[in-house]
Novice: 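Okay, here's the structure, questions in a sec.
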Amino acid sequence: MARVLVIEKEGRTRALLQCQLAGDVKVKSVERIEAALEKLANHKFDLIIWNAATVPKAAAEINAKILRLTEQAPDTRTIVLIGEGDTAGQSFFCRDLCVKEQPIADEELVSLVENHLPFELGEEVSQPHASEISLPIEFEGIIAVSLPMRAVIRRIVDAATVDIPVLITGETGTGKDLIAAAIHKRSGRASRPYIAVNTGAMAPELIASEIFGHERGAFTGAQDARAGIFEQADGGTVFLDEIATMDEKTQISLLRVLEEKTFRRVGGVRNIATDVRIIAATNENLEKKVAEKRFREDLFYRLNVFHITVPPLRERRAAISVLTDHFLSRFAAVYHKNVDRVSPETYRLLRKYPWPGNVRELKNVIQTAILMVEGRELTPDFIPQRIRDVINNSDHGKDFACSFRIGTTLDSVEKELIQKTLLRFRGNKKLAAHVLGISRRALYNKLKRHSLG
């Protein structure tokens, strides 16, 4: 685990690194250079970050303090953040010193830190203290390595003890379905049915029929009456994935289930009592949809009684190597392959990729790679080109170039442009959608259409 010393009064940089690189770095923070020098006298750090942009001092005084830092820790790489237009640090020509002018985006700062550590995150560099070792935990099929995912497991356990609706939010591919299933398995309804339905994969006009069932003749093709999932799951749990795709009429019917524990089949006139627990999930911002009048406010508050947020894979980078090993072992057994190890270069590739499709994308990549491997080691040759391109374009401060051969289809051009835009912004879909000039919903639709997660 990398050790980073941050010198900053506000504590913003420390909070950013602890959030984005949880499990990969251990961050210590002090407010003044003098306190940092005391720390450096007794402790060794892999990287020093000094936010001098917030220090109202002359360039000469800042330069003097930089000199003291580099003399105190001559073998430690140092990043100094200076104010816009400032000349501090410009006279230093030191390989281990980086001077960066503010303002700097969070994504660029995190990338800067990763690139200035003397080793790849996740590599073994020394024997860590016992308190720094992060051991993976497997819980109902969920592998938790980082602190954010361990917090999710605690939320699962808490949700299982109370019989109330749960709303799970997170990007596509983060494992929201596994979390819903885990809540059911640990709840008092575990012996009763668990039925999951992805409303986003259905035509809007068929969602109500699937959920509530229909009577004979309710619509063209309804030759027989059919029980919906609320009848089939009576006493158990219903998991509604991509809840944001429901039309308003179905939302009203779902609200009745939550408030009155009754519903009607499509075309029916009789109320049917049901005892089910509802767990809903979405990869969209429901609060924004409520504000835009595209999702019912009363239904949102009924669903959002207990909220679990799943962090994307790029925010728990320590898990990438562990998950890679897990999927390798799993698929090697399934396909009767002898592959039993991953090369260091492959680990490095996988850790640098932003994984817009999250764990699902990583799983698919390893599954496909195992099918192709003939030897015992998974090497970069079996990793998709889009991931290998990350190394070739490791300078995140520059735009990725796009070139297209005449005759390339518009679909192919769109797919590559979306891929490279996501790579440029480290998987941040909000920024990618903004740069592409489309809504986040439109971007999610295109990701699904191009099978990008």
Novice: Hey, is CZ on R376 packed in by over 12 heavy atoms from elsewhere, all under 6.0 Å?
Specialist: no

Novice: What closest approach, in Å, do R14 and V6 show between heavy atoms, and which atom pair accounts for it?
Specialist: N-CG1, 4.3 Å

Novice: For T174 versus P311, what's the shortest heavy-atom pair and its separation?
Specialist: CG2-O, 4.0 Å

Novice: Does the side chain of I438 come within less than 4.5 Å of K446's, by heavy atoms?
Specialist: yes

Novice: I'd like to know if the side chain of W355 and the backbone of P312 have a donor-acceptor N/O pair within less than 3.5 Å.
Specialist: no

Novice: Counting only N and O atoms by type, is there a donor-acceptor contact under 3.5 Å from the side chain of N198 to the main-chain atoms of G200?
Specialist: yes

Novice: Search all heavy atoms of V162 against all heavy atoms of R277 and return the closest pair with its distance.
Specialist: O-NH2, 2.8 Å

Novice: Does any N or O in the side chain of E284 come within less than 3.5 Å of the main-chain N or O of K289, such that one atom is a donor and the other an acceptor?
Specialist: no

Novice: Considering non-hydrogen atoms only, spot the tightest contact between T282 and A244 and give its length.
Specialist: OG1-CB, 3.8 Å

Novice: Distance-only, no hydrogens or angles: does the K337 side chain make a donor-acceptor pair with backbone N or O of L371 under 3.5 Å?
Specialist: yes

Novice: Are the side chain of R388 and the backbone of I383 linked by a donor-acceptor contact shorter than 3.5 Å?
Specialist: yes

Novice: Of the non-hydrogen atoms in P356 and L422, which two are nearest, and what is the gap between them?
Specialist: CB-CD1, 3.8 Å

Novice: List the atom of Q251, the atom of M246, and the distance in Å for their closest heavy-atom pair.
Specialist: NE2-O, 2.9 Å

Novice: Would you say the side-chain atoms of D46 pair up with the backbone N or O of V4, donor to acceptor, closer than 3.5 Å?
Specialist: no

Novice: Given 3.5 Å as the limit, does a donor-acceptor pair link the side chain of H184 with the main chain of I195, or not?
Specialist: no

Novice: Could you check whether any side-chain N or O of K352 sits under 3.5 Å from a backbone N or O of I387, counting only pairs where one atom can act as donor and the other as acceptor?
Specialist: no

Novice: Check whether S329 reaches the backbone of D325 with its side chain - one donor and one acceptor, N or O, closer than 3.5 Å.
Specialist: no

Novice: Do other residues, nucleotides or ligands put more than 12 heavy atoms under 6.0 Å from the CZ atom of R294?
Specialist: yes

Novice: Check whether R189 reaches the backbone of G236 with its side chain - one donor and one acceptor, N or O, closer than 3.5 Å.
Specialist: yes

Novice: So with a 6.0 Å cut-off around CD of E287, is the heavy-atom count from everything else above 12?
Specialist: no

Novice: Hey, mind stepping through E31 and K9 against salt bridge (Lys or Arg N to Asp or Glu O under 4.0 Å) and telling me if it holds?
Specialist: CA-CA 5 Å; E31 293 187 1; K9 285 188 176 181; over 6 Å; no

Novice: Has I164 got more than 12 heavy atoms of other residues, nucleotides or ligands less than 6.0 Å from its CD1?
Specialist: yes

